[in-house]
Asker: 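Could you have a look at this structure, given as structure tokens, before my questions?
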Amino acid sequence: MIADTGDSLTSSFFARPVLTVARDLLGTVLVTASGARVRIVETEAYGGTDDPASHAGRGPTRRSEVMFGPPGFAYVYLVYGVHHCLNLVTGPAGDPSAVLIRAAEPLAGVAPRPDTPAHRLCAGPGLLCRSLGIDLNLNGAPVAADLPGAGALRLLAGGEPGPVVASGRIGIRRATRRQWRFTMAGNPGLSR
DNA sequence: GAACCGATTGCCT
DNA sequence: GGCAATCGGTTCG
């Protein structure tokens with residue numbers, strides 16, 4: 001029997017403007033190949049027409065080339081040589097934009113850790129990737145359900161996210177005034 | 001080719 | 001609050 005993917009997000013969801021996708025990803029459920037499920041509670045938008053804080057800001061590199069491709073694919077990179085960050089490519093092909101998944105709240109299948117409350121296991125982009133086993137192997141992987149080979153990562157449509165707050169992006173030095181960070185108000189799983 | 005910086009986190013004082 | 005870990009990209013010589 002074929003798995004029911006009727007609630008899975010497809011390319012048309014990701015093909016929209018990056019700010020719209022970043023906002024609408026709140027409340028959706030990320031599912032890994034191992035069956036872990038987390039609800040996204042914090043995102044940030046990067047790229048678009050002119051974003052000096054984006055990896056794509058000065059043309060494609062070997063690292064950022066996925067951002068320049070079609071929507072619905074994962075862009076995973078290494079920060080500070082230590083942690084991985086998960087992004088989802090948005091907009092039409094050629095528009096180098098993506099949404100950074102900054103935090104989520106575990107629903108099922110996330111391994112506990114000593115001295116870490118469950119709701120903090122994915123409370124940051126690096127923590128989220130570590131808890132879900134996401135690394136460079138998933139860079140360029142198809143996420144939208146209609147793409148060939150999709151399945152290593154899936155997104156399920158979520159319920160109402162509740163009140164959403166737009167604020168300045170964090171952890172960067174450039175273009176911090178843009179209100180491109182989206183959070184579920186008051187959620188305990190937000191990054192610090 | 002060397003020096004510096006970065007979409008982070010955890011451990012130190 | 002400071003800082004190390006550690007790698008890719010950018011900048012400068």
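Chain letters run A, B, ... following the sequence lines, proteins first and then strands; every chain starts at 1. Bear in mind the structure is a predicted one, so any value in this text is a computation, not a measurement. Computed from heavy atoms alone, side chains included, the values below leave out hydrogens, waters and symmetry copies.
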Asker: For B:dA7, which nucleotide is its Watson-Crick or G-U wobble mate, given both distances must be under 3.5 Å?
Answerer: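 Across all strands, not a single nucleotide pairs with B:dA7.
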Asker: What distance, rounded to whole Å, do you find between the two P atoms, one in C:dT11 and one in B:dA7?
Answerer: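 13 Å, rounded to whole Å.
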Asker: What range of DNA chain C does chain A touch, first nucleotide to last, counting atoms under 4.0 Å from its heavy atoms?
Answerer: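 The contacted stretch runs from C:dA5 to C:dT11.
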Asker: A:Val89 and A:Pro70: which non-hydrogen atoms are nearest, and at how many Å?
Answerer: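 Where A:Val89 meets A:Pro70 most closely, the heavy atoms are CG1-O, 3.5 Å.
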Asker: Locate the shortest heavy-atom distance separating A:Arg102 from A:Ile170; write the atom from each residue and the value.
Answerer: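 Looks like NH2-CD1, 3.3 Å.
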Asker: Closest heavy-atom contact between A:Pro112 and A:Leu121?
Answerer: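 In terms of heavy atoms, the two residues are closest at CA-CD1, 4.1 Å.
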Asker: At what distance, to the nearest 0.5 angstrom, does SG of A:Cys122 lie from CZ of A:Arg130?
Answerer: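 So the gap between those two atoms works out to 10.0 Å.
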Asker: Does A:Arg169 come within less than 4.0 Å of A:Asp51, counting only side-chain N to carboxylate O?
Answerer: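 Salt bridge between A:Arg169 and A:Asp51, a charged N being under 4.0 Å from a carboxylate O: yes.
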Asker: Generate the contact string for nucleotides 2-13 of chain B. Rules: B means base contact, S means sugar-phosphate contact only, - means no protein heavy atom under 4.0 Å.
Answerer: ----BBBBS---
Asker: Can you give me the closest heavy-atom contact between A:Leu88 and A:Ala74, atom names plus distance?
Answerer: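 Where A:Leu88 meets A:Ala74 most closely, the heavy atoms are CD2-CA, 4.5 Å.
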Asker: Any chance you could lay out the side-chain hydrogen bond (donor to acceptor under 3.5 Å, both in side chains) test for A:Glu42 and A:Ser191, step after step, and finish with the verdict?
Answerer: CA-CA 8 Å; A:Glu42 175 178 347; A:Ser191 66; 2.8 Å; yes
Asker: With rounding to the closest Å, how many angstrom separate the P atoms on C:dT6 and B:dG1?
Answerer: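 Comparing P positions in C:dT6 and B:dG1 gives a spacing of 24 Å.
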Asker: What interatomic distance, in whole Å, is found between P of C:dG13 and the corresponding atom of B:dC5?
Answerer: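 Roughly 14 Å separates the two P atoms.
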Asker: Does the gap between the ring centers of A:Tyr75 and A:Tyr77 come in under 6.0 Å?
Answerer: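 A:Tyr75 vs A:Tyr77: aromatic centres under 6.0 Å.
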Asker: Given that both distances must come in under 3.5 Å, which nucleotide forms a Watson-Crick or G-U wobble pair with C:dT6?
Answerer: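 Across all strands, not a single nucleotide pairs with C:dT6.
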